[in-house]
Amino acid sequence: MLDLRFIRENISLIRENIQNKNESANVDAILEIDEKRRQIIQEADKLKNTRNVVSKEIANLKKQGLPAEDKIAEMKIVSDKIKEYDDELRETETKVYDIALKIPNMLGPDVPIGRSADDNQIVRTWGEMPVQQLNKAHMEIATDLNIIDFERGAKVSGGGFAFYRGKGAKLERALINFMLDFHLDNHNYTELLPPFLVNENSMYGTGQLPKMKDDMYHDPEENMYLIPTAEVPLTNYHYEEMLKFEELPIKYCGYSPCFRREAGSYGKEVRGFLRVHQFNKVEMVNFSTPENSWAQLEILLSEAEDIVKALGLHYRVLRLCSGDTSFSSAMTYDIEVWAPGEQKWLEVSSCSNFTDFQARRANIRFKRRSDAKPEFVHTLNGSGLATSRIMVAILEQYLNSDGNVVVPEVLRKYTGFEII
RNA sequence: GGAGGAUUAGUCUAAUUGGUAAGGCAGCGGUCUUGAAAACCGCCGGCAGUGAUGCCUUGGGGGUUCGAGUCCCUCAUCCUCCGCCA
């Protein structure tokens with residue numbers, strides 16, 4: 001969420017930003033409602049002051065055994081009035097937040113303006129386009145090698161679910177463990193293995209709710225949500241906390257499965273591993289001071305790139321244009337790996353600076369000194385990485401001429417085999 | 001799932017029949033000192049405000065009352081016991 005005061009003072013910038021982000025939030029009413037909200041607070045505070053002062057007088061009278069009926073009757077009226085104001089305030093605040101929660105984060109200064117993925121900037125490309133002797137897509141490879149079973153996934157759960165089988169399952173576990181160990185050993189992270197179900201507050205905290213409600217698996221019985229990314233539990237780990245200045249930046253990484261309903265997806269988009277309801281991901285999150293967050297974003301990106309490099313996969317880095325940058329993000333870099341069988345680039349990581357947007361929602365703050373005013377931290381996160389699409393890239397880039405797949409060097413100590 | 005107990009600010013701990021959150025420690029700033037410690041003074045929950053100041057805050061949310069840390073309802077978390085269970 002944006003600061004209400006910032007909204008008040010920069011409404012035209014906010015309208016422009018909503019357009020640039022291809023969002024549709026309607027902010028027309030917010031100024032008027034917020035003005036009303038502030039007036040109610042002022043009026044109510046005056047009455048509350050009266051009540052506090054006179055209540056003390058009543059207490060004193062009672063102590064001296066003097067009558068206080070007049071003042072009590074007077075305060076009864078004041079109290080009723082306060083209740084009316086408080087009810088009105090609650091209503092008005094709800095209206096303000098309904099609008100404010102749907103306003104997207106402001107874009108960072110270097111974000112190129114554009115409508116769609118076509119306008120994203122290519123920052124750099126790493127490695128060489130691999131030359132394929134066999135031109136097979138990952139589904140065919142996986143089926144031939146019997147390492148991924150979508151049919152039985154569909155039978156047991158539904159479309160978009162799969163079993164990893166045999167060496168496929170082990171390769172998946174190897175990827176997860178390799179990524180975690182790599183970040184822990186080389187990038188100074190603390191590992192968190194989080195809950196996969198979270199409450200509603202957490203979903204609001206990181207900004208999945210209210211906007212993305214339809215994309216979430218929800219248990220109405222307990223009002224809990226299956227996480228769409230470990231970003232949710234890892235960021236909300238410090239929900240409503242005051243962090244220590246000396247400890248920033250705080251860096252966590254953690255594995256989780258990610259659950260997405262993908263409502264509205266269709267056709268060949270949902271075929272194979274490119275878009276599934278459940279996939280595995282190692283996520284990195286970072287709590288930073290405001291002045292340091294842009295530098296941290298570059299570091300976060302390079303840490304994600306280190307994984308792709310270590311796996312020897314041909315990839316490129318994109319700076320997302322305004323229209324492709326998500327609701328909560330100020331700026332996002334995507335890492336895409338090349339899938340020769342698909343003949344396309346696959347997103348395997350998204351590294352974003354959320355500035356103070358999530359921190360304000362989740363109320364995560366820090367003090368520069370023990371007697372200083374609290375400030376919101378900046379939060380960042382990046383996938384490091386999503387394994388299902390990395391699996392696709394490995395199968396297609398490491399396919400050799402006899403139809404087998406060579407296991408990337410760094411994974412061999414985890415898999416125990418060199419070839420599938 | 002059932003029964004009972006607990007939750008006060010970073011932490012520990014107070015608060016007459018309901019009368020409007022008192023202290024200790026830690027931390028920060030200062031005086032003193034060659035430097036440090038000790039001692040002493042001030043600050044030391046949040047929001048708004050340049051400020052004086054005002055409002056809010058006893059796990060969350062409601063209620064009763066002129067007034068709630070205190071009484072009632074509800075939810076959460078923790079502890080003890082019973083039941084069930086990987």
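Proteins get letters first, then strands, A, B, ... in listed order; numbering begins at 1 in each.
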Protein-proximity profile, nucleotides 45-62 of chain B, B/S/- by nucleotide at the 4.0 Å heavy-atom cutoff, equals SSS-S----SSS-----S
Pairwise [atom1] distance, [M] and [N] [rounded to whole Å]:
N	M	atom1	result
B:G69	B:U20	P	10 Å
B:U74	B:G5	P	14 Å
B:A6	B:G62	P	24 Å
B:U8	B:A22	C1'	12 Å
B:U57	B:A21	C1'	10 Å
B:A76	B:G83	C1'	23 Å
B:U50	B:A39	P	40 Å
B:U53	B:C44	P	13 Å

How close or far is atom [atom2] of [N] from atom [atom1] of [X], stated in whole angstroms?
X	N	atom1	atom2	value
A:E200	B:C75	CD	P	17 Å
A:R368	B:C44	CZ	P	21 Å
A:E241	B:A9	CD	P	15 Å
A:F366	B:G10	CZ	P	17 Å
A:K244	B:C28	NZ	P	12 Å
A:N60	B:G18	CG	P	18 Å

Residue-level proximity of residues 66-82 of chain A to RNA chain B when a heavy atom falls under 4.0 Å: A:I72, A:M75, A:K76, A:S79
Take atom [atom1] in [X]; do more than 12 heavy atoms of anything else shown fall under 6.0 Å from it?
X	atom1	value
A:K309	NZ	yes
A:K102	NZ	no
A:E291	CD	yes
A:I77	CD1	no

Between the CD1 atom in A:I364 and the OH atom in A:Y239, the distance rounded to the nearest 0.5 Å is 9.0 Å
Parallel, tilted or perpendicular, judged at 30° and 60°: which one describes the rings of A:F245 and A:F366? parallel
Ion pair A:K281/A:E283, N-O distance below 4.0 Å: yes
Could you check whether any side-chain heavy atom of A:C351 comes within less than 4.5 Å of a side-chain heavy atom of A:L380, counting everything from C-beta outward? no
Quick one: do the A:H183 and A:N188 side chains pair a donor with an acceptor below 3.5 Å? no
Go through it in stages, so that I can follow the logic: the residues are A:S328 and A:Q358, the test is side chain to side chain donor-acceptor pair (under 3.5 Å), and I'd like the CA-CA distance, side-chain angles, deciding distance and then a yes or no. CA-CA 7 Å; A:S328 302; A:Q358 293 180 327; 4.9 Å; no
A:K167 to A:F417, cation-pi by 6.0 Å centre distance and 45° axis angle: yes
For A:K62, which contact category applies under a 4.0 Å heavy-atom criterion: base, sugar-phosphate, or nothing? base
For RNA chain B, please output the secondary structure as dot-bracket, reading 5' to 3'. Pairs are Watson-Crick or G-U wobble, both atom distances under 3.5 Å; mark crossing pairs with [ ], other-strand partners with |, unpaired with a dot. (((((((..(((......[...))).(((((.......))))).((((....))))..(((((..]....))))))))))))....
Let me see the working for A:Y189 and A:E303 under side chain to side chain donor-acceptor pair (under 3.5 Å), right down to the final yes or no. CA-CA 11 Å; A:Y189 278 86; A:E303 289 168 344; 2.5 Å; yes
